[in-house]
Colleague: 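Just dropping this structure here.
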Amino acid sequence: NYEVCVFGEFSPLDPWNVFVPCIYDKRFRCFKADVMIRSGQQFKFLLIKKNQEGVHVISERYPFCLDNKGNVNNVFLPK
């Protein structure tokens, strides 16, 4: 029922302003997008329900941190 997009520091031309659509992977039970997020980069998800405003959320699958403005974001820290 939701459209899910990911956005963050990974967009080289316009960080935090490019929203990349995600596709739900039934096998792994998570949303995926065709993006390259480098170690230490921050990102967030946008959930959009039809005819409503989007809601910014973070994922429980990734660590999170505060940015310099006090926003909570996910951070990619590969093992």
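Everything numeric in this text was worked out from a predicted model, so none of it was measured. In what follows, every heavy atom counts, from backbone to side chain, and hydrogens, waters and symmetry copies are set aside.
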Colleague: Which salt bridge (charged side-chain N to carboxylate O under 4.0 Å, His left out) pairs, counting each pair once, include a residue from residues 42-67, with sequence neighbours left out?
Modeller: none
Colleague: Is N74 reaching over with its side chain to a backbone N or O of S59, donor-acceptor style, under 3.5 angstrom?
Modeller: yes
Colleague: Taking ILVMFWY side chains as joined if any heavy atoms are under 4.5 angstrom apart, and letting links pass through other members, which residues group with L77?
Modeller: V75
Colleague: Keeping to residues at least two apart or across chains, list the salt bridge (charged side-chain N to carboxylate O under 4.0 Å, His left out) pairs with something in residues 28-40.
Modeller: D25-K32
Colleague: As an exercise, state the distance from CG of N73 to CD1 of I58, rounded to the nearest 0.5 Å.
Modeller: 8.0 Å
Colleague: For residues 4-19, which side-chain donor-acceptor pairs fall under 3.5 Å, sequence neighbours excluded?
Modeller:
| unit_1 | atom_1 | unit_2 | atom_2 | d |
| --- | --- | --- | --- | --- |
| E9 | OE1 | Q42 | N | 2.6 |
| D14 | OD1 | N17 | ND2 | 3.0 |

Colleague: Who else is in M36's hydrophobic cluster (ILVMFWY, side-chain heavy atoms under 4.5 Å, direct or via others)?
Modeller: none
Colleague: Applying ring pair (Phe, Tyr, Trp, His ring centres under 6.0 Å), which residue pairs with at least one partner in residues 59-79 are found, sequence neighbours left out?
Modeller: F43-Y62
Colleague: Residues in ring-ring contact (aromatic ring centres under 6.0 Å, His included) with Y2, at least two apart?
Modeller: none
Colleague: Can you sort out the partners of I48 under side-chain contact (heavy atoms from CB on, under 4.5 Å), two or more places apart, ordered by chain and number?
Modeller: E3, L46
Colleague: Check the hydrophobic clustering (I, L, V, M, F, W, Y; side-chain heavy atoms under 4.5 Å; chains of links allowed) and say if L66 and V57 are grouped together.
Modeller: no
